[in-house]
Structures are given as structure tokens and as C-alpha cells.
Amino acid sequence: MTSVIIDHDVIGWAYRNMSKIKSQYNDVNIIGKNNSSEELMNNNISDLNIAKYCLKNNCDLLTADTKSYIDWFNAYTGIKKLMISKFDYWNEGQRPILLIQINDNKMNLELNPNVKILRSLDTAPPRFKNKIISMVNESLIQFPELSDDKITLGITHVNDGNATWEDSYKIRLNPRRLTYFTIGHELTHLLQFKGKLPMTEKSTDIFTLARSMLFLDEPPCYLKIPRKLQNYWEENSELIHKICKDSIEYRKNNRNYIQWAENAFAKLKINTK
Ligand SMILES: [Zn+2]
């Protein structure tokens, strides 16, 4: 059963295009109209409640107004992806009809069985806890070498993150400054504890950035990166990822692979768009 909700502002369009809508959905709910479920009958239902309804009932939404849904998406942590596409153009209303789909691909909150969470994380607000668990799960996929290791996960507010190895591998992450890069950096430290990698912070950055594009979501802390490249990090992330991979190759026969990578960053023709 596929369902769609027609928002207030596009009802006029919907009546004229019902056959197109019905060719894609077998259940069409128009806000404030009799055929809709009770919650949607209220003409003054807020955008927030419409969005919540969509999430709960796995419905798509047709609307001309995206701003409020984006605000909602930003404020709500239970979903991973909001997709907006153009469904039609409404000539009389002079606006595009947008299709909003809240992705089924929800955050993966199923904790990896090798990961144990510390009290500091267990008692954290759910929005922190969910975000950390989901991002760590995703990051761990990139670290098959750790798949048999027990990892303890906690929270820190002192720095972006840290990794320790006492009785077990432990990483602590700062929920307010959480990026895939930081998680990758701390997981790379765990590989160092296993004796597989060089131990310096700069090398941790290189090995993290080389591992997967997932970890290119912010510039590293220790490597020397030109300011302009930091400002255009995302635009150049594939090139940066490649430089780091190449520098690890270079390391096989040379000693100064970190310097080699930093030189390559300094010389990189920066893509600004
Ligand atoms: Zn570090």
C-alpha cells in the first residue's frame, strides 16, 4: 500500500491531476478533506504534525512548501534522509509541486554486538545517543580489521574524541562536534593499538582520509592543510582522498610520506565549485 498526503497549498492542483497521483499511489489523503484519516482532517494541522504523520505511516507528501519540512528535518533526529523531487509544475498556481519522501532507510540503531556502551553514552539524551550509535555503526563497516574486537563507546566533552586501550579498546566521542572524520580518526587509533600502523597523529589523519570517502566530511586536525583547501574541502574531497591513498603507496618505498602528502595539498589546484 503506497500512501501520499496532499498539503493545503496544492489541493487545487491535486483535484485536476488526480489521475496522475492515483497512478502512483493507491491511498491519497488530502489535508482537511473527508476521505483522509482523522488526524489529517484538521485544516489547521501544522507542518510538523503532517511530517510526523508521514514518518509514522510511511507516506509521501506532495506540497509546494519545503522550508518548514526542512526545518523539521533539521530538528528531528530519527530520520536519516529527506528526499525532495519535482513531481509536476502547477501552471495556475505558478509553482512546482514537490514530492517529499522521508527515507525508509532509518538510522541504524541496532548496536553492533561487539560494541559496548558506557554509562555516559547510555544516559545521554536520545538524540545524541542515536546519532553516535548510527554513525559509529556506519563507520565500523569501513574497518573490517576491527570486526572481531570489542569496543567500548562513551562520551567526552573535553575534545572532539579520544581513543584509549586499557583493558579494552575504548573510544569517546563528543556528541556536539561529531563527524565521520573524528570517528574514523579514533578507530584508526585502535588499529594502531593492534600494531598495524604508524603511531603519529598526522599519520592517523592520513590513514583515516585514505580509508573511505565517508571520512572526508571535515578537514583533519593535525595535517597541514592550506586555508583555502580547508575552505573548499568538500569540493576537493575526492582529490584529497586520492592524495592520502597515494601517500600510503609512497610510504612503501619512502620514509617521508607525510611530508609528501602535505606538499601535494599545498600544490593542489583547488576546485572552487
Ligand atoms: Zn588522535
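Heavy-atom basis, side chains included; hydrogens, waters and symmetry copies ignored. Atoms within each ligand, like the ligands themselves, are counted from 1 in listed order.
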When you check the gap from the basic side-chain N to the acidic O, do E145 and R211 get nearer than 4.0 Å?
-> yes

Does a side chain donor of either W260 or N254 reach within less than 3.5 Å of an acceptor in the other side chain?
-> no

Quick check: does E201 put an N/O/S atom under 2.8 Å from the Zn ion (ligand 1)?
-> yes

2.8 Å cut-off met by an N, O or S atom of C221 to the Zn ion (ligand 1) = no

At the Zn ion (ligand 1): angle between H189 atom NE2 and H185 atom NE2, to 10 degrees = 100°

Would you please test R16 and E92 for salt bridge (Lys or Arg N to Asp or Glu O under 4.0 Å) and show each step?
-> CA-CA 11 Å; R16 285 170 177 270; E92 287 153 55; 3.5 Å; yes

Is there a path from L118 to I132 through hydrophobic residues (I, L, V, M, F, W, Y) whose side chains come within less than 4.5 Å of each other?
-> no

